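In listed order, ligands and their atoms are each counted from 1. Please read all numbers here as calculations on a predicted model, not as lab measurements.
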Amino acid sequence: MQKSVQDKPEIGFDLFRKEGLSLLGETPLVAETPEELLDDDTTPIARFFVRNNGLLPPPVSDPETWRLTIDGEVERPLDLTLAGLKSRFPHKTLRMVLECGGNGRSFFEPRAEGNPWTHGGVGCAEWTGVSLKDVLREAGLKESALFTGHFGADPDKQGSRAHQAMSRGVPIAKALEEHTLLVWAMNGEPLPFLHGGPLRLIVPGWPGSLSQKWLTRIWIRDREHDGPGMTGLSYRMPVRPLAPGSDGRGVETRILESMPVRSIVTAPADGSVLPAGTRSLDVRGAAWAGDDEVARVEVTVDGGATWTAATMTPPRNRYDWVRWQASLALPGDGFYEIFARATDSRGRAQPFRAANWNPNGYGCNVMHRVAVTVGPEA
Ligand SMILES: Nc1nc2c(c(=O)[nH]1)N[C@H]1C(S)=C(S)[C@@H](COP(=O)(O)O)O[C@H]1N2
Ligand SMILES: [Mo]
């Protein structure tokens, strides 16, 4: 049994109003959401996963005076307060998925390095802020502007503020997408400290690590950024597929970009026992596909022999997740495994078993499996 966050009052989760999360690590603090708690269209803050790479930064007394610097390959470096950001640029609220790059990692065989996420390193919240592109336009990008480098106020694991816990960046085209936001509110509330308040980035569709929390600086660079989390095997994939279990030393790699298509079953919960005689099973869930759209979701209760198409609720905006539901006929009492399979707009579907093994375990999008028993358990 995984430890639940409620069992660990000493880490101060009360403060952060979390409920029902599974703790993957205390220092740094990492907690994922059991799939059945992701049953809301908009993930409540209380159920939103947490991923830190270092320690928490010092508390902030006056959020409006939080400062963000934009410098590097720009005509006019900017030094903005949160209040200034709010007053100078048009506000946007978008519901978008935030997903850890390692979501699904625990399903790789052999085990890959890193936090053993199941499918719950994900949430979909309403983010309010301004498009980074509007701010970059004001700063004036030079022709040499090729990449961003993101900096946050959190010290590294050893508590050193001289070292970034994490500093990642994106090619300038991703930074200029209108959905890439500088965010100060989540689900209509001031952005909680644990989620990077007063100010964070949201770079939707790509690994969550790009969505820098406690954002203090964006350095516009003339080359691929090389901060912690950009080099070696961090958030990079081998250019050539590797045999499972290889150490990956010395292999050529490239940065991770869009996250792969994935779906989760949010009801029924894994391990549910249904009354004897139940012959129709309502299944619900969510699906998303990185930069792409979800084309369809199908569900099986017979190991993939037959599939039932799910009905999808259209996303509110790009990068929102799709909520889906299906009604499945059950032939009799007994034990069933439900698998949900999403396919993206480019025809790529989720596998039963991850084939793209890599040393740090990114991109594992195996189908979520939920077991149910109808009638008395044998
Ligand atoms: N400053 C800072 N930003 C960060 C991180 C971090 O450790 N420090 N972790 C990143 C990772 S790996 C993920 S998946 C997301 C998680 O965001 P959340 O904790 O709000 O769910 O934040 C990203 N932003
Ligand atoms: Mo992450």
Side-chain angles (χ1 to χ4, degrees), residues 5 13 16-18 21-25 27-33 37-38 43-58 60 66 68 96-105 112-117 119-127 129 148-161 163-170 180-187 189-218 225 227-230 234-236 256 259 290 360-364:
V5 167
F13 249 95
F16 305 119
R17 303 173 297 148
K18 293 291 173 185
L21 267 55
S22 312
L23 200 58
L24 301 187
T27 323
L29 190 55
V30 185
E32 75 170 322
T33 316
L37 295 186
L38 291 171
T43 310
I45 290 169
R47 295 181 170 179
F48 207 95
F49 83 102
V50 180
R51 165 66 165 131
N52 290 332
N53 289 268
L55 308 185
L56 293 172
V60 176
W66 184 265
L68 170 67
M96 301 192 286
V97 171
L98 178 68
E99 182 179 23
C100 184
N103 199 22
R105 177 180 290 132
E113 278 298 314
N115 286 294
W117 300 101
H119 305 279
V122 67
C124 187
E126 288 175 2
W127 307 104
T148 59
H150 314 154
F151 294 79
D154 46 334
D156 72 5
K157 277 185 237 185
Q158 283 72 43
S160 163
R161 294 194 68 196
H163 299 109
Q164 289 288 305
M166 158 162 279
S167 175
R168 308 230 317 110
V170 288
T180 296
L181 300 183
L182 294 166
V183 162
W184 59 76
M186 181 178 186
N187 296 350
E189 290 186 39
L191 182 63
F193 180 64
L194 195 55
H195 292 295
L199 184 68
R200 79 176 301 169
L201 263 172
I202 291 290
V203 181
W206 289 30
S209 51
L210 293 163
S211 295
Q212 191 86 30
K213 303 196 277 189
W214 310 293
L215 184 71
T216 54
R217 177 186 178 205
I218 298 179
H225 185 49
M230 292 301 289
S234 292
Y235 300 99
R236 301 182 77 91
L256 273 182
M259 293 292 288
N360 281 13
Y362 302 117
C364 181

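Using a distance-only test at 3.5 Å, with no hydrogens or angles considered, no donor-acceptor pair links the side chain of Lys213 to the main chain of Gly152. Not one N or O on the side chain of Asn115 forms a donor-acceptor pair closer than 3.5 Å with the backbone of Trp117. Of the possible polar contacts, none joining the Ser167 side chain to the Pro228 backbone as a donor-acceptor pair under 3.5 Å is found. Side-chain atoms of Thr33 come within 3.5 Å of backbone atoms of Arg47 as a donor-acceptor pair (strictly under, hydrogens ignored).
Listed by chain and number, residues touching ligand 1 at under 4.0 Å (heavy atoms only) are Phe48, Phe49, Val50, Arg51, Asn52, Asn53, Leu98, Cys100, Asp154, Met166, His195, Arg200, Gly208, Ser209, Ser211, Gln212, Lys213, Trp214, Tyr235.
Counting heavy atoms from C-beta outward, Trp127 and Leu191 have side chains that approach closer than 4.5 Å.
For residues 189-208, the set of pairs meeting the salt bridge (Lys or Arg N to Asp or Glu O under 4.0 Å) definition, not counting sequence neighbours, comprises Arg17-Glu189.
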